[in-house]
Amino acid sequence: MMRKRKGYPVYPLTKAQKFHFFYQNFCPKKEVLNIGTSLTIGTELDWDVLRRSINKACERSEFMRLRFASDKEGNWYQYVVDPEDRDIEFRDFTGQTMEEASREMEKWTRVPFKRADSPMNRIVMIRTPDGYNGLYLLIDHMTADAQGLSCFFKDVIEIYCNAMYEGVPFPRDMSSYIEQVQRDLAYEAGSRAQERDRKYFQDLIDNTPEPIYNGIRGRGPLEEERKRSGNPNARAAVNVSDSVDSALDIFHLEEEPTRRLMSFCEEYHISLAVLLMMGLRTYFQKMNENDDVSINMAISRRATLKEKKSGGTRIHSFPFRTVIPEDKTFLEGIYEVRDRMNEYFRHASYDPVEYFAYRAKKYPQPGGQTYEPMSLTYQPPGIQGKELTKLGDIQYKTKWYPNGATTQGMYLTVMHRTDDNGLDFNFEHQVKAVGREDLEYLYYYLCKIMFKGAENPGLPIGDIIRLI
């Protein structure tokens, strides 16, 4: 391993980065790792001050100055370059429609980054047709996840507000990305914590029977697989198509019903992630008449303040399996999901690639079959910090732009809207694997299950399934 690159210390990739690298390698569209997003504010901005604020935020965030390179053997590694004064682009969409502006930003989102020794993000200051102003950010998933992005946006806004308004304090320092990388690498070098986490997940695989696939519209895919393979007991199925072309379909839950779900979570001391997972697993239980449900769950691994403020990509994803019979009450199911999730969070530093390899050894599946029909990520509210309320009632908008490629059949990201605190259900899906009608159906029943369960937590799950 080279010790330095261009005078900067180099570090191996973390397991979270290798996870992304792993699927990008198999994907014909290299933009699969692009994340495009914008944050706009309903007020006039001083573009020079914003430009300086962006540069200051890049200086404070090591992950925004990350570079990648590979050695002669083809092993990739990373390093952080010194801050530089970047010339930030500006794009005025005035006179166009919002759809046209969105389409142009989607085009930007579909341009892959050069990987070797080059910047892994692009920042454009934008004025949108509705009179909002702010910035568009395109970033490579190997350098940041959604929480890393939120953190950077918040830093830019707070630096800007400190420069523009009396009495707004300069934000506290960001944490060091490299320090977190070093901690991850120390964990991966055979620590006792790693041993504990490995044992937890391997025991989970060893001490439970083979999982089973549940389809979004029922048992069809599994029955097809059984016919195709001639194995009437097959339990896995293919949930992707032969094309990675993807679409992003977004469903909006209004503020008032969102508040009802949030107060249920507060009353029973659970996170919204628990309620969402309970809703999804009950939907698959209903559609497949099966109590045994597995769904991939993304965990952001940001328990400490240092992890929260270091940026980078820290997501690990594992199959989350629950077997909850229909005669249990909704609330009993909720607590079972919560307890299992808490266990997962405690052990989530384990390498997901190693997890899947271990499971594949126990249950070999030729031909890319899986037990999980989808993945779930929940994003807790990010942008609204206490500092921002000092600016009065300024409206914010955030928007995600699809990159047009995914290696998964279906991926659901649930996040809070900044303008009205409602929820957005963002379904990224392979166009040939999952249709818009499937998603409308799933979203409709997912909401019905969550509301019926929140209103009647003592009802058995089977009754909820029959009542909706």
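As the structure is a prediction and not an experimental result, all values here were calculated from the model.
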**Message:** List the residues meeting salt bridge (charged side-chain N to carboxylate O under 4.0 Å, His left out) with Arg60, not counting sequence neighbours, and say none if there are none.
**Reply:**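 Salt bridge (charged side-chain N to carboxylate O under 4.0 Å, His left out) check on Arg60 returns Asp155, Asp173.
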**Asked** Can you name the salt bridge (charged side-chain N to carboxylate O under 4.0 Å, His left out) partners of Glu336, sequence neighbours left out?
**Response**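 Listed in chain order: Lys328.
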**Prompt:** Among Asn296, Asn239, Leu280, Val434, whose side chain to side chain contact (heavy atoms under 4.5 Å, CB included) with Met374 holds?
**Reply:**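 Only one of Asn296, Asn239, Leu280, Val434 forms a side chain to side chain contact (heavy atoms under 4.5 Å, CB included) with Met374, namely Leu280.
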**Item:** Side-chain (Gln78) to main-chain (Met142) donor-acceptor, under 3.5 angstrom
**Value:**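 No: the side chain of Gln78 does not pair with the backbone of Met142.
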Between the side chains of [X] and [Y], is a donor N or O closer than 3.5 angstrom to an acceptor N or O?
{"X": "Tyr358", "Y": "Asp206", "answer": "yes"}
{"X": "Tyr371", "Y": "Glu210", "answer": "yes"}
{"X": "Gln408", "Y": "Thr406", "answer": "no"}
{"X": "Glu62", "Y": "Ser176", "answer": "yes"}
{"X": "Thr377", "Y": "Tyr411", "answer": "yes"}

Does the pair [X]/[Y] count as a salt bridge with the N-to-O cut at 4.0 Å?
{"X": "Glu104", "Y": "Lys107", "result": "no"}
{"X": "Arg301", "Y": "Asp145", "result": "no"}
{"X": "Asp292", "Y": "Arg321", "result": "yes"}
{"X": "Glu195", "Y": "Arg198", "result": "yes"}

**Message:** Could you work out, with side chain to side chain donor-acceptor pair (under 3.5 Å) as the rule, every residue matching Thr258, not counting sequence neighbours?
**Reply:**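 Once residues adjacent in sequence are excluded, Thr258 has no partner under the side chain to side chain donor-acceptor pair (under 3.5 Å) criterion.
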**Asked** Listed by chain and number, what are the side chain to side chain donor-acceptor pair (under 3.5 Å) partners of Asp339, not counting sequence neighbours?
**Response**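 Testing Asp339 for side chain to side chain donor-acceptor pair (under 3.5 Å), a comparison that skips the adjacent residues, returns none.
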**Request:** Return each pair, listed once, that meets ring pair (Phe, Tyr, Trp, His ring centres under 6.0 Å) where at least one residue sits in residues 173-214; pairs must be two or more places apart or across chains.
**Result:**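 Every ring pair (Phe, Tyr, Trp, His ring centres under 6.0 Å) pair that includes a residue of residues 173-214, provided the two are not neighbours, is Tyr200-His347, Phe201-Phe318, Phe201-Tyr344, Phe201-Tyr350, Phe201-Tyr355.
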**Asked** Could Lys6 and Tyr79 be counted as a cation-pi pair, given that NZ or CZ must be under 6.0 Å from the ring centre and within 45° of the axis?
**Response**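 Ring-cation test returns no.
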**Full working for ring pair (Phe, Tyr, Trp, His ring centres under 6.0 Å) between His416 and Tyr378** = CA-CA 9 Å; His416 296 259; Tyr378 165 61; 5.6 Å; yes
**Request:** Write out all pairs satisfying side-chain hydrogen bond (donor to acceptor under 3.5 Å, both in side chains) with one or both partners inside residues 268-277, taking only residues at least two apart or from two chains.
**Result:**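 side-chain hydrogen bond (donor to acceptor under 3.5 Å, both in side chains) check on residues 268-277 returns no pairs.
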**Message:** How about CZ on Arg172, more than 12 heavy atoms from neighbouring residues, nucleotides or ligands closer than 6.0 Å, or not?
**Reply:**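 No.
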